[in-house]
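Below, read A as the first sequence line, B as the second, and so on, with proteins coming before strands; counting in each chain starts at 1. Basis for what follows: all heavy atoms, side chains included, without hydrogens, waters or symmetry-related copies. Remember, predicted model here, so these are calculated numbers, not experimental data.
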Amino acid sequence: MDIKARIRRRRDHNAQPQFIQRYEALSPAAHLDEPVGRGQLLEQLLDYFDPVFDGELPPNGYVYGPIGSGKSAVLTSLLSHLKELPAETREVIHTSTRVQTPSSPTFVYVDARSATSAFGFYRSVLSSLIDQSVPEHGVGTDSLRDQVHTQVQGTPGAVICVDHIAEPRSLDESTLVDLAASLPSNVSWLAIGRASPDQTHLTTYTGAEIGVSRYRRQVLVDILMQRASMGLARQALNHDLARQVAAWADGNAHDGLAVLFSAADNAAGVGQDQLTESNINAAIESIPEPCVSLSAVLSLPANRQRVLRHLVNLSPDERESVNMATDALSALDLSASTIKRFLYEMAEAGVIRRVQAETEQQKGRPPSRVVPQFPLYVFQRLYDLRRRGQSNHP
DNA sequence: GATCCACGGGAATACACGGATG
DNA sequence: CATCCGTGTATTCCCGTGGATC
């Protein structure tokens with residue numbers, strides 16, 4: 001490295017912003033306010049929602065597509081914009097004292113990963129319908145359902161969009177159908193999931209289906225460049241590297257962003273001001289196959305995430321068996337049997353994988369190695385950031 | 001006092017293997 | 001040889017209890 005470059009590096013390090021400027025912009029679990037490259041899906045969703053603008057309800061619907069194809073990104077962004085519409089008109093038209101009835105159906109977003117029970121579902125719907133916060137305890141499930149009824153009845157209705165349907169640990173299809181049936185008749189739902197229509201019986205209840213295909217390579221390149229420009233110092237990611245990541249990710253934005261995040265984190269750690277091919281390759285190496293969604297991991301109950309966070313730091317030989325991992329995690333203030341049950345449960349959900357040992361030992365059933373199936377470094381960093389954020393703003 | 005659900009513990013079941021048995 | 005049995009470990013299943021919150 002020549003002297004100029006060395007000097008420039010020192011100067012940049014001191015005078016310029018950090019290499020990683022915004023972790024949120026890089027996070028595979030976060031969505032942009034304006035998603036990139038999904039104009040067609042946006043139009044299809046607007047077509048589907050179109051009756052709402054005439055004060056009518058759309059039919060039940062189903063949006064399906066593979067992981068990392070932008071379903072949640074587009075839907076959450078679209079809903080956040082749509083929800084602003086009635087609020088704007090309300091302020092202008094109505095007096096502050098009168099309780100106004102909206103002239104068109106309202107939009108509700110429910111994440112089935114966090115609303116995993118009937119109680120959670122009603123609670124999520126209700127808290128979206130009213131401004132006040134809804135208690136998590138002390139109120140019965142039936143009472144919540146009745147409150148949803150009183151909120152919706154006599155209005156033009158609501159479209160309830162239920163994301164991440166039929167994933168492990170989220171709401172399954174028949175539960176959704178049952179819950180929806182328990183709501184007033186002026187409610188439509190839009191389910192978002194990964195199963196194609198022939199793999200689900202959900203479509204027997206829907207009047208509209210929207211399929212989403214994986215991102216084309218060039219679009220994924222654009223997404224990576226966009227995120228890099230928002231989250232990293234200038235010129236940190238060059239186009240060729242973005243192309244490499246996109247080629248590897250094969251249309252899966254989640255995995256592509258996980259690589260970008262991981263590579264950037266690594267580069268920042270050793271003071272680079274640009275991502276290199278070896279950063280990218282190392283990051284790619286660190287992504288498991290198959291890779292479970294980080295936002296799914298980050299919406300697990302708190303103590304399960306805590307177990308995973310500590311699992312990340314265990315050495316491989318401490319993960320040689322479920323029992324050994326349980327012992328190694330005993331520093332957590334959870335009982336051994338709970339930790340063990342968590343590990344089995346999360347293996348069931350695909351968050352970790354159990355790999356049966358070669359049958360060498362004599363006695364008993366062979367143990368299983370514990371292998372994380374999520375991007376370790378990215379999870380670690382996001383988990384720690386989130387915790388710090390919470391303790392700053394309790 | 002009511003409510004939900006995370007925890008914790010333990011029972012039941014599955015699996016692997018060597019050795020005994022028919 | 002095929003099957004069963006005993007032992008030891010792994011895994012799954014189930015449910016009561018208590019903490020946290022209203």
Side-chain angles (χ1 to χ4, degrees), chain A residues 110-151 162 164 167-172 174-176 178-179 182-183 292 296-311 314 316-373 383 386-387 390-391 393-394:
Chain A
V110 175
D111 188 346
R113 283 172 179 159
S114 45
T116 56
S117 62
F119 179 84
F121 177 79
Y122 294 132
R123 181 171 181 278
S124 177
V125 171
L126 188 61
S127 62
S128 171
L129 289 173
I130 64 180
D131 285 341
Q132 327 146 23
S133 70
V134 182
E136 301 179 50
H137 298 272
V139 51
T141 305
D142 292 348
S143 156
L144 281 186
R145 188 196 55 220
D146 294 346
Q147 290 185 59
V148 172
H149 272 260
T150 57
Q151 284 299 320
V162 189
H164 305 121
E167 288 182 9
R169 300 188 55 89
S170 81
L171 290 176
D172 64 24
S174 53
T175 312
L176 170 65
D178 291 347
L179 286 171
S182 76
L183 293 179
V292 69
V297 177
L298 289 167
S299 53
L300 290 169
N303 274 340
R304 280 156 231 256
Q305 288 192 52
R306 220 149 56 84
V307 167
L308 290 178
R309 175 64 184 84
H310 286 259
L311 185 69
L314 297 188
D317 47 310
E318 285 173 313
R319 294 194 268 103
E320 271 306 302
S321 75
V322 174
N323 259 320
M324 294 180 77
T326 304
D327 286 348
L329 294 167
S330 61
L332 299 161
D333 56 345
L334 292 166
S335 81
S337 87
T338 297
I339 293 174
K340 185 177 291 186
R341 183 169 55 80
F342 281 2
L343 290 175
Y344 281 117
E345 280 181 8
M346 290 190 290
E348 182 69 27
V351 175
I352 60 184
R353 188 158 49 100
R354 293 187 294 111
V355 182
Q356 198 173 54
E358 310 302 322
T359 60
E360 292 236 351
Q361 20 189 328
Q362 308 299 315
K363 295 285 185 183
R365 187 172 177 171
S368 306
R369 194 154 36 94
V370 176
V371 184
Q373 292 297 115
Y383 179 88
R386 189 175 284 203
R387 273 189 56 87
Q390 278 167 1
S391 58
H393 313 284

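Taking only side-chain atoms of A:Arg365, from C-beta outward, the nucleotide of C:dG19, C:dT11, C:dT12 with the closest atom is C:dT11. Side-chain proximity of A:Tyr344 to C:dT21, C:dT11, B:dA6: nearest is C:dT11. In this structure, the nucleotide among B:dA16, C:dT11, C:dA20 sitting nearest to the side chain of A:His137 is C:dA20.
Side-chain atoms of A:Arg341 and base atoms of B:dG8 include a donor and an acceptor less than 3.5 Å apart. Under 3.5 Å, the side chain of A:Ser335 and the base of B:dG8 form no donor-acceptor pair of N or O atoms.
Considering only side-chain N and O atoms, A:Asn323 lies under 4.0 angstrom from the phosphate OP1 or OP2 of C:dA10. Taking only side-chain nitrogens and oxygens, A:Thr338 comes nearer than 4.0 Å to OP1 or OP2 of B:dG8. A close approach under 4.0 Å does not occur between any side-chain nitrogen or oxygen of A:Ser117 and OP1 or OP2 of B:dC4. Side-chain N/O atoms of A:Thr141 include one lying less than 4.0 angstrom from OP1 or OP2 on B:dC4. Here A:Gln356 reaches the OP1 or OP2 of B:dA16: one of its side-chain N or O atoms lies under 4.0 Å away.
Computed from coordinates, the A:Lys340 NZ to C:dA10 C1' distance equals 8 Å when rounded to whole Å. Atom pair A:Glu136:CD and C:dG19:C1' shows a separation of 13 Å (rounding to whole Å applied).
No engagement by A:Ser143 is indicated, since no non-hydrogen atom pair under 4.0 Å with the nucleic acid exists. Counting non-hydrogen atoms under 4.0 angstrom, A:Phe119 reaches the backbone sugars and phosphates but no base.
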Please list, for nucleotides 4-7 of chain C, all pairs of protein and nucleotide N/O atoms separated by less than 3.5 Å.
none

